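Here is the structure we will look at, set down as structure tokens.
Here the structure is a predicted model, which means the values were calculated and not measured. Every chain is numbered from 1 and lettered A, B, ... according to where its sequence line falls, protein lines coming before strand lines.
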Protein chains: 2
Amino acid sequence: MSSEKLAPRTRRPRRKKGSSPKAETKRQKILDSAAKLFSLQGYAQTKLSDIAKEAGTHAGSLYYHFKSKEDLVQDVLGMTMSLLSNAVMAKVNELPETATPSERIAAGIQAHVLHILQRGFYTQAYMKIIDQVPAHVRRAYVMAPRAYGNYWRGLLEGARQAGELRTDLNPTILRLLLLGSITWMLEWYKPDGPLSADQIADEVTKLFFDGARKR
Amino acid sequence: MSSEKLAPRTRRPRRKKGSSPKAETKRQKILDSAAKLFSLQGYAQTKLSDIAKEAGTHAGSLYYHFKSKEDLVQDVLGMTMSLLSNAVMAKVNELPETATPSERIAAGIQAHVLHILQRGFYTQAYMKIIDQVPAHVRRAYVMAPRAYGNYWRGLLEGARQAGELRTDLNPTILRLLLLGSITWMLEWYKPDGPLSADQIADEVTKLFFDGARKR
DNA sequence: GTCTATACTCAGATAGAC
DNA sequence: GTCTATCTGAGTATAGAC
């Protein structure tokens with residue numbers, strides 16, 4: 001059950017006829033540039049000319065690849081959650097059959113933290129701009145995190161069933177607090193800080209399982 | 001040491017000469033309206049005409065009270081952290097002398113959660129728009145949360161000194177994870193959800209102190 | 001103090017040459 | 001496919017009446 005990937009969000013299921021591999025490469029470069037700038041500056045603050053410059057082209061040229069700025073941001077959002085959830089699921093699925101549910105959770109935490117702190121401009125962009133895009137765009141893309149949330153629900157539920165988690169905590173709140181504390185890292189994490197992303201993931205895991213109280 | 005308030009951020013230390021109590025009231029209403037709309041829609045998405053409408057006036061009229069939209073948002077940001085930290089400090093200071101450091105932390109969590117979920121349009125606006133305002137504005141206001149962060153640092157350090165918290169967790173990360181999980185509530189909390197703000201605060205406290213593992 | 005009308009600016013979008 | 005030049009609309013800001 002944990003092995004199937006989330007359905008890829010295919011807003012643009014087929015290439016425009018006539019678009020070449022070259023165009024596809026350029027298109028990808030534009031998306032990467034957009035994700036980067038959105039993550040750093042937000043949606044409204046990022047001008048198409050900024051994105052074009054980052055991608056080595058000009059504002060007007062973007063319109064060969066995208067209908068509008070809104071169209072562009074939708075593609076960025078569309079790629080985001082599948083990148084993250086695929087990374088997390090892959091890591092969890094790497095575990096041996098004998099892994100306990102708690103070990104699966106720990107692996108998921110690790111993978112999620114590393115993904116958002118190290119790789120993903122896309123994830124960072126998503127978190128930053130999901131609140132900034134037009135409402136109808138947002139509505140179309142909040143389903144993606146929900147699917148990912150369901151994956152975590154399963155992870156936690158598995159551990160609970162196995163008797164590894166306390167039963168006096170609301171499972172939904174538990175999940176939201178865990179993922180929230182990780183998501184918020186994007187606001188304070190600095191790559192050159194004293195702790196590595198790996199170490200930070202360990203701290204989260206320890207706190208999540210055992211709390212901060214001395215015993 | 002926990003009783004002094006954070007220095008109020010006084011961008012506008014004195015009234016413009018000639019400004020009346022009436023103007024001051026109106027000004028406040030405009031700020032409240034702006035905080036509300038910023039928290040709901042973000043910075044760029046909120047037009048001055050929206051704010052004016054909400055405050056029962058017109059876009060042009062705002063310029064009697066504020067030099068610019070940027071000036072207005074700075075006042076909103078300026079009020080935010082002091083409202084939050086005053087609420088939290090007040091609650092913590094209400095505790096009897098005999099309260100343990102852990103009880104102080106629990107009270108702080110409670111107050112912070114209730115404040116952002118129930119009251120504060122200002123806090124919600126702050127969280128939402130701090131990433132959306134021009135960089136030089138942001139720079140001027142990131143100090144405010146830092147001061148609040150220091151208050152929490154003290155709260156946690158007190159408990160650690162008293163031997164109530166484990167010492168194998170990085171205190172800074174611990175603080176950021178705790179406050180992050182709370183901050184992120186603004187993204188998922190719905191007033192009509194199954195759990196009250198009070199109950200959610202309890203869940204956070206339990207998870208923070210004792211973790212999710214079954215014992 | 002607040003209104004209405006209007007000027008200005010910025011950035012998204014389009015057209016057409018190459 | 002990409003460029004430059006240009007159009008247009010939205011929204012901030014100003015002016016001047018009341």
Would you say B:Glu70 and B:His136 are linked by a side-chain donor-acceptor pair, where the criterion is simply a distance under 3.5 Å? yes

Donor-acceptor side-chain pairing of A:Gln199 and B:Asn170 below 3.5 angstrom: no

Counterpart residues, salt bridge (charged side-chain N to carboxylate O under 4.0 Å, His left out), relative to A:Asp131 (two or more places apart): none

Within this structure, what is the CD-to-P distance between B:Gln45 and D:dT12, rounded to whole angstrom? 11 Å

Take the protein atom CG of A:Asp50 and the nucleotide atom C1' of C:dC10, then report the distance between them rounded to whole Å. 12 Å

For atom CZ of B:Phe66 and atom C1' of D:dT12, their distance in whole Å: 15 Å

Whole angstroms only, please: what is the CD-C1' distance between B:Gln41 and D:dG11? 14 Å

Rounded to whole Å, the OH-P distance (B:Tyr64 to C:dT4) equals 18 Å

Could you work out, with side chain to side chain contact (heavy atoms under 4.5 Å, CB included) as the rule, every residue matching A:Leu179, not counting sequence neighbours? A:His112, A:Trp152, A:Arg175

Within this structure, what is the NZ-to-P distance between A:Lys69 and D:dG9, rounded to whole angstrom? 19 Å

Anything under 3.5 Å between a protein N or O and an N or O of nucleotides 14-18 of chain C, put it in a table, one pair a line.
none

Would you say A:Lys36 has more than 12 foreign heavy atoms packed within less than 6.0 Å of its NZ? no

For B:Thr46, answer base if it contacts any base atom (sugar-phosphate contacts may also be present), sugar-phosphate if it contacts only those atoms, and nothing otherwise; contact means non-hydrogen atoms under 4.0 Å. sugar-phosphate

Closest of D:dT12, C:dA11, D:dT2 to the B:Leu48 side chain is D:dT12

Verify the contact: side-chain N or O of A:His58 to OP1 or OP2 of D:dC3, cut-off strictly under 4.0 Å; return yes or no. yes

Do we get B:Lys69 above B:Tyr43's six-membered ring, with its NZ or CZ under 6.0 Å from the centre and within 45° of the axis? yes

Can you tell me the distance, in whole Å, between the CD atom of A:Glu70 and the P atom of D:dG9? 17 Å

What's the spacing between B:Gln132 CD and A:Gln41 CD if we round to 0.5 Å? 13.0 Å

Give the nucleotide from the list C:dT2, D:dT12, D:dT2 with an atom nearest to the side chain of A:Thr57. D:dT2

Return the nearest nucleotide to the side chain of A:His65; candidates are D:dT2, D:dA13, C:dG12. D:dT2

Interatomic distance where CD1 belongs to B:Ile51 and C1' belongs to D:dA13 [whole Å]: 14 Å

